[in-house]
Amino acid sequence: MNTLHTITVTINGQAYEREVEPRLLLSDFIRHEIGLTGTHVGCEHGVCGACTILFDGEPVRSCIMFAVQANGHEIMTIEGLTPDASEENLHPLQASFREAHGLQCGFCTGGFLMTLLPFLKENPDPSEQDIREAISGNICRCTGYQHIVDAVKIAAAKMEGQ
Amino acid sequence: MKPPPFEYFAPTTLDEALDYMADYGDEAKPLAGGQSLIPTMNFRLAQPEVLVDLNGLAELAYIRPAAGGVSIGAMTRQRSVERSPLVAEQTPLIHETMPYIAHPQIRNRGTFGGNLAHTDPASELPAVATALNARFRAQSRSGQRWLTADEFFVDLFTTALEPEELLVEIVIPPLPARTGYAFHEISRRHGDYALVGVAATVTLDDSGLCEAARLVYFSVGDKPVEAVQATAALAGQKLSAAAIDAAAEIAATQDIDPPGDIHASVAYRRHLAKVLARQVLAAATARAKQD
């Protein structure tokens, strides 16, 4: 039952090899095994969106996947957005959230950003309705969402020029 | 909120997966997208001894034309179905339904076959598959069989699949000529389970009268509920606003027996069922006239 499986997972461009129990959730693998704690764990049943990561480029909820399923796959977490973790080099999406007060406590923010990164690539000029639809799977209890929607509009304008 | 221990197998071919299912029988659960199974395990409402992960079965991830309709491999991601030009062209009712299923993050992982085999009474696809006369191919080590939607959906979270069987393919036949379709649901928030939802198809005869109609609800019973008395009342009729209104009344008061819970009372669900029936029958009729 507790057979360990050896997996190799690429996270933010770096390959990691670890031995895992099948029942280890991908969110816990990222946080506890790899030490990347920017991926937050809210509800642990796929409802809140705080644990959203990019799995082979697509946003998914890491709390309802097993780490063993990530074997051979590529993951990007919130830490991959600003590799040198410097304030000057914030991703335009992060800078826009700061500018528009798109966060208060910040617990949900990583999940929002990982959801929005591929969304803005596919929809460089989204309408307010598109934005609200895109973030419908991420829960924020502080902002009331309006400032998040504002931040996404600012980010879209910033990223269009790039 | 951590899942219980289990043994994990990751076959890379269907034959290998069917061997595991045959060997472990009742102890094994197939793991498709896991978007319902893993939360259930996190809550420890499910404690399977063995998980057979189907995500390595590339042979079950496809969308192909099939005799004027579409054939969809069970392990096709919901997001792929949503984005498929073939699905949009050949079976637009499914195309229109996909965005209502949970959220993009869930649809990126969730599979078309997994959703149907899970048979959540509040799920959209079982009702739509019923309205479209979908056929289901089940396979085990000893062979395969085809099932209709009526045969496949048995009860609450229960299909006709035997423990050693896997759902491998779903075939959606083409709609007949002069047929329109529509889908609608009411939920508190986008992506939530619907309080009531319904799918409809309407086929007109040469003279523009109703030849046949289907009206299939979800979230009003243990499995998809077809409003047979309502649609029988429409057969041979001119689909006027009054006729549609009368059929919607029959559907909401005689065809369904919805539950009441903290989300919606029985009376509210009946009210929604009537309003939605009116809307989808009118929309499907308008489309049938253009078809």
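Residue numbers begin at 1 in each chain, while the letters A, B, ... track the order of the sequences.
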So, does B:N108 use its side chain to make a donor-acceptor pair with the main chain of A:E58 at under 3.5 Å? no
Can you find a pair of side-chain heavy atoms, one from A:R61 and one from B:R109, that are under 4.5 Å apart? no
Would a 4.5 Å heavy-atom cut-off, applied to side chains only, mark A:F66 and B:D53 as touching? no
Heavy atoms of other groups near [X] [atom1], more than 12 under 6.0 Å:
X	atom1	result
A:H101	NE2	no
B:E89	CD	no
B:Y193	OH	no

Which value, rounded to the nearest 0.5 Å, describes the distance between [X] atom [atom1] and [Y] atom [atom2]?
X	Y	atom1	atom2	result
B:L51	A:R23	CG	CZ	13.0 Å
A:D28	B:M1	CG	CE	11.0 Å
A:I139	B:R189	CD1	CZ	7.5 Å

For [X] and [Y], which heavy atoms make the closest approach, and how far apart are they?
X	Y	result
B:N42	A:C63	ND2-O, 3.3 Å
B:Y8	A:P22	CB-CB, 3.6 Å
B:Q105	A:T115	NE2-OG1, 2.9 Å
A:I64	B:Q35	CD1-OE1, 3.1 Å

Between B:K2 and A:E21, does a salt bridge (Lys or Arg N to Asp or Glu O under 4.0 Å) hold up when you go through it step by step? CA-CA 12 Å; B:K2 306 296 177 194; A:E21 248 189 283; over 6 Å; no
Measure the acute angle between the ring planes of B:F43 and A:H45, then classify it against the limits of 30° and 60° as parallel, tilted or perpendicular.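 Taking A:H45 first and then B:F43, their aromatic rings sit tilted (interplane angle of 30° to 60°).
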Per-residue contact mode, [X] against chain B (heavy atom under 4.5 angstrom):
X	value
A:F119	neither
A:S136	both
A:M114	neither

Who among B:G34, B:P4, B:P104 has the most heavy-atom pairs with chain A under 4.5 Å?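 When all of B:G34, B:P4, B:P104 are compared, B:P4 has the most.
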Does any backbone or side-chain atom of B:I106 lie under 4.5 Å from a heavy atom of chain A? Answer side chain, backbone, both or neither.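 The answer is the side chain of B:I106.
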